[in-house]
Amino acid sequence: MEWDYLTIVAVSSLTSAAVLIIASLGLAVIFGLMGVINLAHGEFIMIGAYTALMTTRAGLPLFMAIALAALITALFGAIVERLVIRYLYGRLLDTLLATWGLSLVLYQTAVLLFGSTTPGIGLPIASVAIGRYSISAYFLFLIAAALVMLAITYLILTRTIYGMMARASIQDRETAAAIGIETGRINTLTFAFGAGLAGLAGGLLVPAFPATPGMGIAFVAKAFLAVVVAGPVTLTGTAVAAGALGWVASATASYLSTVIGDIIFFVATILLLRAFRNGISDRWRLKL
Amino acid sequence: MLSYLCSRRKIAALSIAAGLLMSLPALAADGTIKIGSLHDLTGGLNIYGIQQAQGLKLAVNDINSEGGVLGKQIEIVEYDTQSELSKYTQYANTLLLKDKVVAVFGGLTSASREAIRPIMHRAKIPYFYNSLYEGGVCDRYNFITGASASQQLGVLLEWAAENYGKKFYIMAPDYNFGTIAATWIHKYAKEMGGEVVGEDFLPLSASDFGPTLRKIQQSQPDVVVALPVGANQTGFMEQFAAAGLKEKIGIVSTNYGSGNQQVVVSPDAGEGVIASQEYFHWIDEPKNEEFKKIWQAAYGDKEPIISEAVDAWNAAHLWAMAVEKAGTTDAEPVIDALESGLSFEGPNGNVAFQPGSHHLKQNIYIVRGNREHGFDVVKVFKSVAPTYEDEVCDLTKDKTISKQFVPE
């Protein structure tokens with residue numbers, strides 16, 4: 001096979017991996033770290049996407065719109081935590097039901113507000129040529145965006161006082177409270193942070209994946225699998241799991257078919273969970 | 001597996017029970033005539049389902065305001081099938097057993113039609129499927145108001161070959177609509193001395209089309225026949241354009257626009273995409289202006305009207321005409337009336353049921369995407385017959401047949 005095809009497959013599979021990492025990070029914080037099964041994750045992405053869409057159409061530059069998407073979704077996440085989630089910590093099935101209900105409400109609200117079709121932003125028509133092939137420049141940018149998102153999240157949660165308090169509040173709530181951490185407020189912040197990451201994902205993805213009320217559903221199943229495969233070292237684990245699974249599925253799809261790519265994704269997930277009962281990061285020494 | 005078998009058996013039992021019950025007269029107690037509506041009002045397929053249901057409602061209001069049928073008002077019993085296949089079987093049975101409707105309108109994907117069709121066939125209730133599709137269905141109780149592949153694809157591929165070339169690449173959804181449509185594309189390509197250089201079938205959940213775009217570039221077609229279904233697959237047009245492929249490769253579709261995808265797709269990506277269907281919002285037909293006025297009075301003008309909405313409008317009117325002609329809502333006389341060569345002036349011109357195949361002879365419009373999230377009409381083919389269905393299916397001769405023909 002020619003060099004340019006090999007390169008384009010490698011690079012474009014990286015972009016697929018990046019998309020999955022971007023879509024999964026918020027879930028890694030809320031589900032992986034906090035243990036809240038957030039079935040409304042897809043709708044958080046959708047909120048970010050519509051925020052970015054509406055603000056760009058109101059004249060804001062795309063990058064500011066994306067930042068605003070993260071902010072608005074984080075605010076929304078904080079409200080959801082205060083009103084619903086805070087009463088349900090440690091009750092896995094209850095959070096599952098509550099967030100599923102929330103996702104239905106959000107989905108239908110979007111249908112009522114925006115209808116089933118809304119004019120999109122569209123991708124910048126800029127492509128990069130590799131030999132005889134070309135790839136969208138925005139997708140290449142998404143690779144960088146995924147790395148930056150990951151690095152910043154990692155630094156915030158491991159190198160800041162807030163990050164330390166956040167992890168303490170989750171690991172041992174009573175002891176954390178005993179040494180003077182306001183665990184309630186910290187948990188609200190962490191949930192909002194996770195929601196903000198989902199909103200950021202929506203903003204970053206909306207040029208390539210048109211905003212529709214159900215857009216989050218396309219990402220949410222694979223994002224959940226990535227976080228489950230990741231295991232205890234949530235953040236790095238999710239990035240590695242999402243990256244590897246996304247890359248392999250996309251590369252397979254480039255040679256065979258998209259359906260076989262999906263099958264490989266799910267089979268690989270099953271095999272990994274057979275081999276690593278507690279997730280791939282079970283014995284890693286990283287903090288997060 | 002066990003639960004799967006159980007549910008199959010349950011469905012069979014329910015359907016038989018439905019068949020028995022349906023031999024009873026099906027008029028509602030308060031003197032209205034009940035018809036069923038099964039559409040995806042939520043989920044990824046609501047880009048079609050909401051308007052299909054609205055088109056049906058508008059038609060029923062229209063008929064009711066003229067005095068209804070047989071002097072009675074029509075009442076719609078509506079269920080949201082939620083873009084889920086299992087809901088179709090469930091609610092189809094509910095419509096028959098609980099609501100006792102005399103006709104059913106609904107379904108979008110071919111998978112959903114194939115879920116409803118056998119139930120209606122056993123219950124002997126006329127079922128109107130109002131969407132463009134891959135063609136070939138032949139069933140006494142099934143009436144199809146959308147265009148079939150042999151109506152749309154024939155003219156579209158000919159146009160594509162003249163304007164772009166004869167090397168085709170197929171991007172299609174991975175279920176019966178996509179795979180059968182692909183068979184048609186292979187057949188037409190072969191007949192015109194062209195070639196299908198590659199194909200990719202995608203799950204409805206697919207939204208990242210990187211791998212498909214790589215394969216398209218590798219096989220170097222003149223034109224891509226793209227059949228994106230559902231909200232997720234709309235992104236294909238965007239990603240195709242952003243990868244810089246639009247200048248080199250043409251893109252044609254039989255269903256792009258049928259879910260208002262051109263509204264979502266940006267002007268840069270949507271401009272120049274060629275589509276062919278039995279109706280577009282922008283066509284110039286005498287009844288279309290009038291229809292658009294009623295529609296916009298009821299639902300506003302935020303979204304262009306899609307072909308499936310018009311299919312549903314035509315279906316309800318044709319059914320009402322048949323009921324008037326038969327003088328009853330009983331299935332067999334109504335079907336005989338529908339097979340008597342009924343025709344109707346719809347927003348998309350004259351549509352006429354072919355007695356043998358239960359498909360409509362209707363206009364097919366070839367359009368080109370513009371920068372205003374709309375289409376410009378390029379060419380109109382008047383009264384295109386469903387040639388393939390007419391050739392393989394004659395329900396006036398064989399009333400028991402119930403199958404879908406697929407080209408070799």
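A note on names: the letters A, B, ... follow the listed sequences, proteins ahead of strands, and every chain is numbered from 1. Every value quoted in this text rests on a predicted model; they were computed, and no experiment measured them. Below, each value reflects all heavy atoms present in this structure, side chains not excepted, and no hydrogens, waters or symmetry copies.
Here CD1 of A:I217 is found 8.5 Å from OG of B:S83. Values are rounded to the nearest 0.5 Å. Between the NZ atom in B:K215 and the OH atom in A:Y255 there is a gap of 11.5 Å [rounded to 0.5 Å]. One finds the OG atom of B:S266 at 7.0 Å from the CG atom of A:L123 (value rounded to the nearest 0.5 Å). Between the CG atom in B:D208 and the OG1 atom in A:T15 there is a gap of 6.0 Å [rounded to 0.5 Å]. Note: A:Y133 OH to B:L213 CG = 12.5 Å, rounded to the nearest 0.5 Å. A distance of 12.5 Å separates OG of A:S127 from NZ of B:K246, quoted to the nearest 0.5 Å.
For chain A, the option among B:S207, B:G210, B:S205 with the highest count of heavy-atom pairs below 4.5 Å is B:S207. Interface check for chain A: of the options B:G43, B:A206, B:G270, the most heavy-atom pairs under 4.5 Å are formed by B:G43.
Interface residues of residues 107-114 of chain A toward chain B, defined by a heavy-atom distance below 4.5 Å and sorted by number: A:Y107, A:Q108, A:V111, A:L113, A:F114. Residues of residues 256-267 of chain A lying under 4.5 angstrom from chain B, judged on non-hydrogen atoms, are A:L256, A:S257, A:T258, A:V259, A:D262 by number. Contacts between residues 294-308 of chain B and chain A, counted as heavy-atom pairs separated by less than 4.5 Å, involve B:K302, B:E303.
With a 4.5 Å cut-off on non-hydrogen atoms, A:P207 touches chain B through its backbone but not through its side chain. With a 4.5 angstrom heavy-atom cutoff, B:L245 touches chain A only via side-chain atoms. Residue A:T212 touches chain B through its side chain alone, counting heavy-atom pairs closer than 4.5 Å. Contacts of A:A126 with chain B are made by backbone atoms alone, with heavy-atom separations under 4.5 Å and no side-chain atom involved. Heavy atoms of B:N46 lying under 4.5 Å from chain A belong to its backbone as well as its side chain. Contact annotation for B:D200: only side-chain heavy atoms (C-beta onward) come within less than 4.5 Å of a heavy atom of chain A. Residue A:L205: no heavy atom, backbone or side chain, is found under 4.5 Å from chain B.
For B:K248, the NZ atom is densely surrounded, since the number of other residues' heavy atoms within 6.0 Å is greater than 12.
Annotation: ring pair (Phe, Tyr, Trp, His ring centres under 6.0 Å) contacts of B:Y169 (sequence neighbours excluded): none.
Nearest approach of A:P210 to B:G235, heavy atoms of both residues: CD-CA, 3.6 Å.
Between the side chains of A:S254 and B:R214, no donor N or O sits under 3.5 Å from an acceptor N or O.
Residues A:S134 and B:Q217 are in side-chain contact: their nearest non-hydrogen atoms beyond the backbone lie under 4.5 Å apart. Contact check for B:E238 versus A:F209: no side-chain heavy atoms found under the 4.5 Å cut-off.
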